[in-house]
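Because the structure is a prediction, the values reported are computed rather than measured. The chain is numbered in sequence order, starting from 1.
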Amino acid sequence: MEVGQVLHMNAGTGETSYSNNSHLQKKVISMTMPIIEEAMTNLYSSTSPSSLVIADLGCSSGHNSLFVVAELIKIVEKLRQESGHQSPEIQVLLNDLPGNDFNTIFKSLPSFQKNLSSQLEAKDAGPYFFSGVPGSFYGRLFMKKSLHFLHSSYSLHWLSQVPEQIENNKRNIYMASTSPPNVPKAYYSQFQRDFSTFLKCRAEEMVTGGRMVLTFIGRKSEDPINKEGSNSMWDLLAMALNDMVSKGLIKEEKMDSFNIPHYTPSLSEVKSEILEEGSFSIDRLEFSEISRSTYYKECNHSDVSEIAANSIRAVAEPLLVSHFGDGIIEKVFSRYKEILSEHISQDQFLLGVTNLIVSVTKK
């Protein structure tokens, strides 16, 4: 599987689109805003720049794509007015993989800029320039020493590829209690390589003193095979796919060769890679948690299993279609929703989603 070619969130604004099923992601960004504001405040206070280059990596499309950008611009405008400085020119670089729905973002820019201008009291605010940057963030994306501030939320737990030599992870699609010992080791090794590469690339692209705020789905346990975060959701999706195998709708060898390129790191694993790479000083490294039961209540939807199924479908469908074809997708997610309904009353399923947030400064 060429992850960089097939991984993207469901496009458009339909029922199963990422745009309509990314409320959790927006809630996580909102919870992280105090850390983002702190990082931008420290950057601006130490440099008072006449121009700023801001990058959002893994921007996706829909309601969340420009949310952080708007908040960052508001923070900068507040700071520069308090200090009596002129408004800096701001270049915004929006990055995601080539299959991302960039068109939807670009079409929304005129209304976004109009709304932003109405929210900013100063008539001399801006100007702001927007560019799309398609490509994997596990490689160079920007010119050397060009970035002042970088943000990425709910993207870095996606790996650049499925770990190698995990063919014996049969009937599983991720790390599971029945996975052989080599499987979690392979996943962790892939995460180490990917995150180290990410840090090296960003170290070249960021100016000295630049700030970076990253949010992952993470885990509190040092054991990668646990029921935290999204692990239980992948386990239940594996059950749905195995039901398709038992019905003859998916070939067994096809099932056995499918694995999700996803890893939820622990705090110590993230810290270790940052210290090993050596280009960044850690300002903050902490957890936040969102209760699934509270989140589902806030969604104001009577069918919790449908919310949960659509949220996974919005991010996983392109991977499934690439491997299994689109002929079985409706049946897979119909069965997945049934399985979710059967497990929804279990406290284990409604455990909170653990988020790992790291704020760093380029040395």
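No side-chain heavy atom of E37 sits less than 4.5 Å from a side-chain heavy atom of V213. The shortest distance between side-chain heavy atoms of F149 and M40 falls below 4.5 Å. Annotation: side chain of V68 is not in contact with side chain of S153 (no heavy-atom distance under 4.5 Å). Taking 4.5 Å as the limit, every side-chain heavy atom of L57 sits out of range of all side-chain heavy atoms of S155. When side chains are defined from C-beta on, I90 counts as touching V92, because their heavy atoms get closer than 4.5 Å. Annotation: side chain of K271 is in contact with side chain of I282 (closest heavy-atom distance under 4.5 Å). Using a 4.5 Å heavy-atom threshold, the side chains of Q113 and F130 count as touching. L156 places none of its side-chain heavy atoms less than 4.5 Å from the side chain of D194.
Side-chain atoms of S196 and K200 form a donor-acceptor pair, as typed in the model, at a separation below 3.5 Å. Between T104 and D101, the side chains place a donor N or O and an acceptor N or O closer than 3.5 Å (distance only, hydrogens not considered). Side chain to side chain, D56 and S152 fail the donor-acceptor criterion of an N or O pair below 3.5 Å. Side-chain polar atoms of Q91 and S131 form a donor-acceptor pair below 3.5 angstrom. Between T264 and R219, the side chains place no donor N or O within less than 3.5 Å of an acceptor N or O (distance only, hydrogens not considered). Y128 and E89 share no side-chain donor-acceptor pair at under 3.5 Å.
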Before you tell me yes or no, could you show the steps for Y187 and Y174 under ring pair (Phe, Tyr, Trp, His ring centres under 6.0 Å), namely the whole-Å CA-CA distance, both residues' side-chain angles and the distance that decides it to 0.1 Å? CA-CA 9 Å; Y187 266 95; Y174 191 54; 5.3 Å; yes
Begin with the C-alpha distance, continue with both residues' side-chain angles, and end with the deciding distance and a verdict on salt bridge (charged side-chain N to carboxylate O under 4.0 Å, His left out) for E77 and K74. CA-CA 5 Å; E77 277 301 306; K74 291 174 188 176; over 6 Å; no
Determine whether I357 and M31 satisfy the following criterion, side chain to side chain contact (heavy atoms under 4.5 Å, CB included), listing intermediate values before the conclusion. CA-CA 10 Å; I357 305 142; M31 290 175 63; over 6 Å; no
Applying ring pair (Phe, Tyr, Trp, His ring centres under 6.0 Å), run through F258 and H323 and close with a yes or a no. CA-CA 7 Å; F258 180 73; H323 191 80; 5.1 Å; yes
Checking F142 against M206 for the side chain to side chain contact (heavy atoms under 4.5 Å, CB included) test, could you report, in this order, the C-alpha distance in whole Å, the side-chain angles of both residues, the deciding distance, and whether it holds? CA-CA 9 Å; F142 313 108; M206 297 195 75; over 6 Å; no
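Linking ILVMFWY residues whenever their side-chain heavy atoms come closer than 4.5 Å, directly or via other members, places L275 and F198 in the same cluster. Two different hydrophobic clusters hold V207 and L150 under the rule that ILVMFWY side chains link at heavy-atom gaps under 4.5 Å. A continuous path of ILVMFWY side-chain contacts below 4.5 Å connects L249 to V245, so both sit in one hydrophobic cluster. If you chain together hydrophobic residues whose side chains sit under 4.5 Å apart, L109 and I73 fall into the same group. When hydrophobic clusters are built by joining Ile, Leu, Val, Met, Phe, Trp and Tyr residues whose side-chain heavy atoms come closer than 4.5 Å, directly or via intermediates, F287 is grouped together with V270.
Exactly one of I29, T32, L356 qualifies for a side chain to side chain contact (heavy atoms under 4.5 Å, CB included) with T215. That residue is T32.
Heavy-atom contacts from other residues, nucleotides or ligands closer than 6.0 Å to CD of E82 number more than 12. The number of heavy-atom neighbours closer than 6.0 Å to CD of E276, taken from other residues, nucleotides and ligands shown, is 12 or below.
Shortest non-hydrogen contact noted between E273 and F195 is CB-CD2, 3.5 Å. Contact between P127 and F129 at its shortest, heavy atoms only, is CG-CZ, 3.6 Å. Closest of all the heavy-atom pairs between N95 and G135 is ND2-O, 2.9 Å. Residues S108 and L66 come closest through the heavy atom pair OG-CD1, 3.8 Å.
Under a 3.5 Å cut-off, the side chain of S83 and the backbone N or O of R80 do form a donor-acceptor pair. N242 contributes a side-chain N or O that, together with a main-chain N or O of R171, makes up a donor-acceptor pair within less than 3.5 Å. At distances below 3.5 Å, not a single donor-acceptor pair connects side-chain atoms of S272 with backbone N or O atoms of E269. In this structure a side-chain-to-backbone donor-acceptor pair under 3.5 Å is missing from S322 to L319. Under the 3.5 Å distance criterion, the side-chain polar atoms of S334 are left unmatched by any main-chain donor or acceptor of E330. In this structure, the side chain of S179 engages the main chain of A176 through a donor-acceptor pair within 3.5 Å. For the pair K362 (side chain) and S279 (backbone), a donor-acceptor distance under 3.5 Å is absent. Looking only at distances, a side-chain donor or acceptor of S146 sits under 3.5 Å from a matching main-chain atom of M143.
Scanning for side chain to side chain donor-acceptor pair (under 3.5 Å) contacts around R140 gives E204, E205, with sequence neighbours left out. Residues satisfying the side chain to side chain contact (heavy atoms under 4.5 Å, CB included) test with Q165, not counting sequence neighbours, are E167.
A cation-pi arrangement, defined by a distance under 6.0 Å to the six-membered ring centre and an angle within 45 degrees of its axis, is absent between R335 and F333.
Using a 30° and 60° split on the angle between ring planes, W158 and W234 fall in the perpendicular class, above 60°.
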